[in-house]
2 protein chains.
Amino acid sequence: MADWQEIPGSITAPRGYRAVGMAAGLKPSGLPDLTLILSDVEAIAAGVFTTSQVRAACVDYCRERLQTKASARAILCNAGQANAATGVLGLEDALESAQALSQALDMPSELILLASTGVIGQRIKLDALKAALPKLVASVSEDGAESAAKAITTTDLVTKAIALETTFHDRPVRIGGIAKGSGMIHPNMATMLAFVTCDAAVSPPLWQQMLSRAADCSFNQITVDGDTSTNDSLIALANGQSRTPAITEAGPEADKLEAMLTEVCIYLAKAIARDGEGATCLVEVQVSGTTSDAEARQIARTIAGSSLVKAAIFGRDPNWGRIAGAAGRAGVLFNQDHLQIKLGEFLMMQQGQPQPFDRAAASNYLRQAALGAYLKEDTVAIAVSVGDGSGSGKAWGCDLSYDYVKINAEYTT
Amino acid sequence: MADWQEIPGSITAPRGYRAVGMAAGLKPSGLPDLTLILSDVEAIAAGVFTTSQVRAACVDYCRERLQTKASARAILCNAGQANAATGVLGLEDALESAQALSQALDMPSELILLASTGVIGQRIKLDALKAALPKLVASVSEDGAESAAKAITTTDLVTKAIALETTFHDRPVRIGGIAKGSGMIHPNMATMLAFVTCDAAVSPPLWQQMLSRAADCSFNQITVDGDTSTNDSLIALANGQSRTPAITEAGPEADKLEAMLTEVCIYLAKAIARDGEGATCLVEVQVSGTTSDAEARQIARTIAGSSLVKAAIFGRDPNWGRIAGAAGRAGVLFNQDHLQIKLGEFLMMQQGQPQPFDRAAASNYLRQAALGAYLKEDTVAIAVSVGDGSGSGKAWGCDLSYDYVKINAEYTT
C-alpha cells in the first residue's frame, strides 16, 4: 500500500513555493501563456530533457545551467512560441528573457530555469514577455498553482496537476506537479512539459538519479504519436522547506521519496496520454516475463505506439493479432511459443496459440472503457507476457482517431 | 546512366521461369489467392525475412530451408490466412502444403519455398489449397506473371510488377519482380511480399549478399505505418538460364547485376509505399551529409515514418518544423546548426536557421504532387542535409489520411 495521500494544491502544496500563470499576449488567442514557479529559497534542481538533436534554446540553456550548478529558485515558461530551430538568435532570446526576469525578481539569473512550448521555428515574442514580467512577479502566490497549470498548456483539453503528501520523522513532506501534453490542435505544438516541486531536503546527485529513474517509467513510457518534441522538459525542485533531515544516500528514506516522486510522474504522464490529440481512451499496456524491466518497457512502449493497435482500439476491435505483431517487432528477443495476451479479462493467446474468446463481449469491453475514460475510471488494459523472466514494465497511450488526423492535417497554411 | 532497360513480363521475363495465380477459395471474397512461381531448373535462392519475434510459419520454414541449401525451384504463396501466431499447428500446415505441392510437381519438397499473407492467427485453409494444386500446376506458364502478381495481393489497389534487361557478354540478362504491400483494408492484412526472378548465374553467397544490400536501400526504407509484419518476405531466385558466365566474386559484373537487382527492389518498394493504405501521394525523403549511409537512411526513414509529417503532407501544409523535429529524434548525432531542409524546390531551413519562403506556393506544390501521384509522375520530395559527411540515403512513405484510420478502425467485429 502506498504510504502517501493525495492533497490539493499541486505545485504550491509543498512548503515554500509560489506560482502564477497569466496572459502576456504571446499566444494569438489571448489565452494565458506565461508561467512563473518560484521557490522561497534556493532549491536543488534536477532535469530530464528531450533527446532530440533539434532542441529548443531553453533546453540547451537549462542543460548547461544544471551541469554547472544543480540548483534554482525560479522556472519561467512561455507558451505560444517554441523557440526551437531558431539558431543562435533563439538562444540570445532565451538569455535575454532570463536576464529580464532576474532583474524583476532581483536575483542572479543563474537561479532561473526556462521552458518554452509552441510553434517550432518561431522566436519568443520578447517585448510582450518583458512587458508582462512586473505583473507576473507581483502576482506570484501560494494560490497560483491552478493558473500556472493552465498557462503552460497549449491546446490541452484539461490541465494536469497533482500533489501527494507523506511523512518523514512525523513531519509532512510533499511533492506537487503540473504538466502539459500534446494536444496539437495547432501545428507544431508538440511539447511535453512537467514541473515538479518538493519540500524535502535531498542531495543533488540523488535527486537527479531519482528523477531520471522516475522519468524512465513514466514520461518516457507514454506515446501519443511517436514523435519526440524539440522542447520536452521535466524539471524538479527540492527546497528542503519541510525541515526534515536531508536525504543524502540510498536507503529506505530515499526509496520512499523516490516512490512518491515516481507516483507523481506516472499520474501526470497518464494524464497526458489520456489527453492525447483526438484520443477517446487511455490505453495501459503491461508487459512481464522479460529478462529486464527495460525490455518489458520497450515492448510495452512499442505496443502502445503501434498505429495498427491504436486504430483497432478506436474501432473497438479486439484485434490481438496486431498486439502480437507489435510485440514481435519491439526489438526484444523472446520465444513466440511463450506469448500470452490478455485484453481486459479476455485471454486471447496463450503459449503462442490463439485462444477462443467472446468477440462481441471483448468489443463491448473496449466501448465501455472508452466511455469511462474521461471519468478516469476505466482504461483499456492490455497485458502481455513473453516468458518466465522477472522483468516487467508499463506504458501508456491512446487510440488513433479521425480527430488525430483532423487536428494534425486540417490547418490551412 | 543506367545500362538496362525496362521490358514487359515481370517475373517470367527472365528465361526459364513460369508462373500462375488462381482463385483457390482461400479468401472469403473469392478473388485470386494462390500463386506458384516455378523455375525450369534448380535456381540459386536468397531471402530476406521479417525481423519480428512473432513470425509466420512460412518464414521459419524458408529461413531454415535456405540455411540448409540456398536453392529452390518453386515458390508457393497463399493469400487470405497469414498462418502467423498459429504455433506448432501452423508449422505443420506449412509443411503439409509443401509436401502436397512436392507430389503435384513430382519434385523433392526441399526445392519448394513458401509465403503467406492474410489474417494473423488464422491457419491456411489446407483442404481448399490442396484441392487447387492440380489445376495450379497444370496452368503454370510463361504468360502467367500477371495472374501471379494479382493473386499475391490482399487489398492492394494496384499490382506491382517490373522487369529489367541488360547484357552480359552480348547476351541478355533479365531480372523480374512482383510485390504486394500493405493495403490493410481488412484488419491484420499487413504483409510485404516480393518475389524476384533472375536468369543470371551467380554464386549463392554473392546472391544473398546482393539481395540483403538491395533490401537495405529499398524494402527496408519504406514505411506506411511503422508496423512490421509477421510475414514479410523477399525471395530472389537466379537460375542461370541466361547462359552467361557465372558471377562468383565481387567485381564490375557483380556490381552491374547488383545495381539492376537494387533498381528492381526500389521500383517495387516505391510502388508499395505509393499504394499504402489511405495514401494520396508518395513521399521521397533524401538525406545527405551524415558520416555513413546507414545514418542517412535512418534519418530518412524516421522522417518518412513520422505521423506528424505524414499528417501535414495530407493537409498540404509545408510544415518544415515537423521535418526538423523528426530528423532530430532519429537517433543520429548531428549539429542542428548545420541543418538544411528543402521541400521540392523550396528552401525552408539553412545552417539551422528558418528561411523565408512562399507558403502558398509550397502548399500548392504539395497539392500538385498529390494529384500526380497515381500518374507516377510526381512525388513529394523532401531533402535534408545535416552536415558535411559523405553519407546519403533515401526512404519512401506516404501521407496519413482519414482513410488510413477508416481502413484500420472501421471493421465491425
Side-chain angles (χ1 to χ4, degrees), chain A residues 51-55 84-89 119-121 184 187-188 190 225-230 306-308 311-312 314-322 324-330 332-334 336-337 339 349 351-354 359-360 363 400-402 404-406 408-411 413, chain B residues 51-55 84-89 119-121 184 187-188 190 225-230 306-308 311-312 314-322 324-330 332-334 336-337 339 349 351-354 359-360 363 400-402 404-406 408-411 413:
Chain A
T51 55
S52 178
Q53 296 298 304
V54 177
R55 296 171 306 274
T86 46
V88 68
L89 299 175
V119 183
I120 295 178
M184 309 189 207
N188 290 324
D225 54 15
D227 273 287
T228 302
S229 160
T230 51
S306 159
S307 292
L308 287 174
F314 176 61
R316 316 306 174 216
D317 176 10
N319 199 322
W320 63 268
R322 294 184 181 175
R329 70 172 169 85
V332 175
L333 290 175
F334 63 84
Q336 61 178 338
D337 293 335
L339 192 59
M349 179 171 241
Q351 297 295 332
Q353 291 285 345
R359 292 188 75 85
S363 182
L400 173 61
S401 71
Y402 293 121
Y404 176 85
V405 179
K406 180 170 183 168
N408 286 292
E410 286 207 346
Y411 174 79
T413 52
Chain B
T51 56
S52 177
Q53 295 299 304
V54 177
R55 296 171 305 275
T86 47
V88 67
L89 299 175
V119 182
I120 296 177
M184 309 189 208
N188 290 323
D225 54 15
D227 273 287
T228 303
S229 159
T230 50
S306 159
S307 292
L308 287 174
F314 175 62
R316 314 308 173 216
D317 176 11
N319 199 321
W320 63 268
R322 293 185 182 176
R329 69 172 169 85
V332 175
L333 290 175
F334 64 84
Q336 62 178 335
D337 293 336
L339 191 60
M349 179 171 240
Q351 298 295 333
Q353 290 285 346
R359 292 188 75 83
S363 182
L400 174 61
S401 71
Y402 293 121
Y404 175 85
V405 180
K406 180 169 183 169
N408 286 292
E410 285 205 348
Y411 174 79
T413 52

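- Proximity to chain B is limited to the backbone of A:Val332, based on heavy atoms less than 4.5 angstrom apart.
- Residues passing the side chain to side chain contact (heavy atoms under 4.5 Å, CB included) test with B:Leu89, sequence neighbours excluded: A:Gln353, B:Glu92, B:Arg123.
- The shortest non-hydrogen separation linking B:Thr86 to A:Pro354 is CA-CD, 4.3 Å.
- Annotation for A:Gln53 and B:Gln336: closest pair O-CB, 3.4 Å, computed over non-hydrogen atoms.
- Interface summary for chain B: among A:Ala85, A:Ala84, A:Ala330, the most heavy-atom pairs under 4.5 angstrom belong to A:Ala85.
- Considering all non-hydrogen atoms of both residues, B:Ser52 and A:Gly325 come closest at OG-O, 4.1 Å.
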